[in-house]
Amino acid sequence: MQVISEEKAKQRIAKLVAQYFDKCAEEKTLFINLGVGIPTMVADYITNTNIFLQAENGMLGVGKAASEGQKDRNLINAGRVPITETSGCSFFDSSTSFGMIRGGHIDATVIGAFEVDEEGTIANWIIPNGKQLGVGGAMDLVSGARQVIIAMQHTTKKGQPKLVKKCKLPITGVGEADIVVTEMGVFFLENNKLVLKQIAPEISLDILSCITEADFEVSSDLKVMDVD
Amino acid sequence: MKKLKSIQEAINMIKPGSSIMVGSFGLAGYPEKLIEALAESELKDLTIISNDLGSPGIGLGKLLRNNQIKALIGNYYNWNPEVAMANNEGKIKVTLVPQGTFAEAIRAAGVGIPAFFTPTSAGTDLAQGKEIKIFNERTYIMEESIKADVALIRAYKADELGNLVYYKTARNFNPLMAMAANLVIAEVDEIVPTGTLDPECIVTPHIFVDVITAKEGI
């Protein structure tokens with residue numbers, strides 16, 4: 001079911017995650033790691049300067065994407081995109097970088113997923129016998145970051161739900177998701193249950209249930225997304 | 001200056017069938033000239049231990065096209081789909097290790113730790129067959145360290161002793177691999193006189209480095 005365009009859906013998801021971080025950063029400094037795809041777009045919408053981006057290939061204080069004249073092949077983020085430095089940024093080896101992640105120093109990671117289930121188990125690394133073979137830092141990030149935020153479209157391109165009862169694809173981490181943000185809803189994992197906190201302005205709860213395979217509860221404080 | 005060798009002299013030190021660590025993350029911080037010379041060499045049956053395998057036909061990707069690779073140990077081959085193809089066809093053996101575990105396993109080998117426990121991959125396919133232990137009610141997986149016969153690394157500057165400094169995100173796995181192989185060959189952009197690098201800024205002390213080659217040749 002397509003209520004809004006794919007492009008708009010992605011922007012909305014990124015914006016919702018950025019709103020969440022901006023709010024959290026009013027209380028404390030945040031160190032976050034953004035995965036590739038929609039998660040990278042989150043950086044475009046963050047306004048709070050109390051947020052520092054980490055790239056697992058060995059940088060803290062990642063700046064904006066490099067413009068044509070600024071590109072340096074040895075200054076990239078984990079998605080191989082040329083980026084810029086920020087004042088006070090630092091570089092370190094991959095072991096220190098994952099030490100930050102595994103050691104619980106990274107407040108949150110934002111990653112995409114193929115499937116997330118009712119218990120917060122995530123499948124995002126491989127489709128068996130496919131054209132891609134790689135795990136990257138996904139398993140380290142979901143088990144190490146203090147909070148795991150899934151940023152994904154609500155359904156697959158074929159319209160299948162991505163929020164499922166039980167992951168069918170090989171999993172990345174058991175029960176590691178804390179928040180799931182789609183263009184249709186914002187869900188928090190609370191006491192091992194999915195709880196809907198925000199809903200898209202275009203749809204009703206009934207429709208959301210139809211496009212969501214996973215069971216979810218509705219927060220008593222349910223809000224309509226604050227989106228353009 | 002005993003450590004200083006040409007690219008070709010350095011490659012000549014490697015034996016067929018060796019396990020070779022290569023520093024890199026994508027095409028950032030990889031020993032370009034050493035890989036070029038390796039791809040032109042007769043060396044075969046290699047086990048390449050690296051984050052990824054570059055892009056199709058570029059960087060480490062050349063070695064795959066030349067059928068020089070027997071096995072891969074690494075974590076992210078999505079940038080080079082020829083790896084999945086070769087693996088699916090049974091031409092090479094690929095061992096996937098989560099990126100953080102991969103980094104730590106190399107570091108561990110370099111510092112004399114044979115194995116360690118990590119929460120990463122618990123409950124997933126990549127933990128199958130591995131020892132499990134519970135600490136503070138959380139499941140941890142035992143991972144063994146990863147070492148190699150040879151490490152080919154890239155640094156920014158070396159002094160004549162072999163002390164190394166790095167450049168931005170070209171650092172990645174290079175300092176770790178410098179500690180974890182029997183023969184460590186560093187390709188650097190520039191060689192400077194001993195004593196001119198700030199001792200506070202040296203990342204890899206020269207004890208770990210066996211051979212220095214300069215990108216521009218000597």
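We name chains A, B, ... by the order of the sequence lines, and we start the count at 1 in each one.
By number of non-hydrogen pairs under 4.5 angstrom with chain A, the leading residue of B:Val83, B:Thr101, B:Asn174 is B:Thr101. Contact count against chain A (heavy-atom pairs under 4.5 Å) is highest for B:Trp79 among B:Trp79, B:Phe173, B:Tyr77, B:Tyr166. The most heavy-atom pairs under 4.5 Å with chain A, out of B:Ala84, B:Ala28, B:Ser121, B:Gly100, come from B:Gly100. Contacts with chain B were tallied for A:Met59, A:Arg102, A:Glu56; A:Arg102 has the most, counting heavy-atom pairs under 4.5 Å. Of the listed residues A:Asn57, A:Leu141, A:Val174, the one with more heavy-atom pairs under 4.5 angstrom with chain B than any other is A:Asn57. Here A:Asp140 is the residue among A:Thr121, A:Ile76, A:Leu75, A:Asp140 with the most heavy-atom pairs under 4.5 Å with chain B.
Interatomic distance, SG of A:Cys89 versus NZ of B:Lys168, reported as 7.0 Å (0.5 Å rounding). For the atom pair A:Met139 CE and B:Asn75 CG, the distance stands at 11.0 Å (nearest 0.5 Å). Rounding to the nearest 0.5 Å gives a distance of 8.0 Å between CD1 of A:Ile126 and CG of B:Asn78. If you take CD on B:Gln99 and CD1 on A:Ile101, they are separated by 8.0 Å, rounding to the nearest 0.5 Å.
Heavy-atom distances place both the backbone and the side chain of A:Ala78 under 4.5 Å from chain B. Only the side chain of A:Asp72 comes within contact range of chain B, judged by heavy atoms closer than 4.5 Å. Heavy-atom distances place both the backbone and the side chain of B:Pro98 under 4.5 Å from chain A. Only the backbone of A:Thr172 has a heavy atom closer than 4.5 Å to any heavy atom of chain B. With a threshold of 4.5 angstrom between heavy atoms, B:Val97 approaches chain A through N, CA, C or O but not through any side-chain atom.
Other residues, nucleotides and ligands contribute more than 12 heavy atoms inside 6.0 Å of the CD atom of A:Glu213. The 12-atom threshold is not exceeded at NZ of A:Lys157, counting heavy atoms of other residues, nucleotides or ligands nearer than 6.0 Å. Atom CD1 of B:Ile207 has 12 or fewer neighbouring heavy atoms from other residues, nucleotides or ligands inside a 6.0 Å radius. The local environment of NZ in B:Lys130 is crowded, with over 12 non-hydrogen atoms from other residues, nucleotides or ligands closer than 6.0 Å. In the displayed structure, A:Phe31 atom CZ is contacted under 6.0 Å by more than 12 heavy atoms of other residues, nucleotides or ligands. No more than 12 heavy atoms of other residues, nucleotides or ligands shown are found within 6.0 angstrom of CZ on A:Arg146. For A:Lys165, the NZ atom is densely surrounded, since the number of other residues' heavy atoms within 6.0 Å is greater than 12. In this structure, B:Lys62 places its NZ atom where more than 12 heavy-atom neighbours from other residues, nucleotides or ligands lie under 6.0 Å away.
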Side chain to side chain donor-acceptor pair (under 3.5 Å) evaluation trace for B:Tyr30 with A:Asn74 = CA-CA 9 Å; B:Tyr30 84 101; A:Asn74 287 313; over 6 Å; no
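The side chain to side chain contact (heavy atoms under 4.5 Å, CB included) test with A:Ser143 singles out one residue from B:Ile141, B:Thr120, B:Thr124, and that residue is B:Thr120.
The backbone N or O of B:Asn88 sits nowhere less than 3.5 Å from a side-chain atom of A:Asn129 that would complete a donor-acceptor pair. Using modelled atom types, no side-chain atom of B:Arg171 and backbone atom of A:Gly58 make a donor-acceptor pair closer than 3.5 Å.
Of all heavy-atom pairs spanning B:Leu126 and A:Trp125, the tightest one is CD2-CH2, 3.9 Å.
A:Lys131 has no carboxylate O lying under 4.0 Å from a charged side-chain N of B:Glu82, or vice versa, which leaves the two without a salt bridge.
A:Ser94 and B:Asn172 share no donor-acceptor pair across their side chains, judged by distance under 3.5 Å alone.
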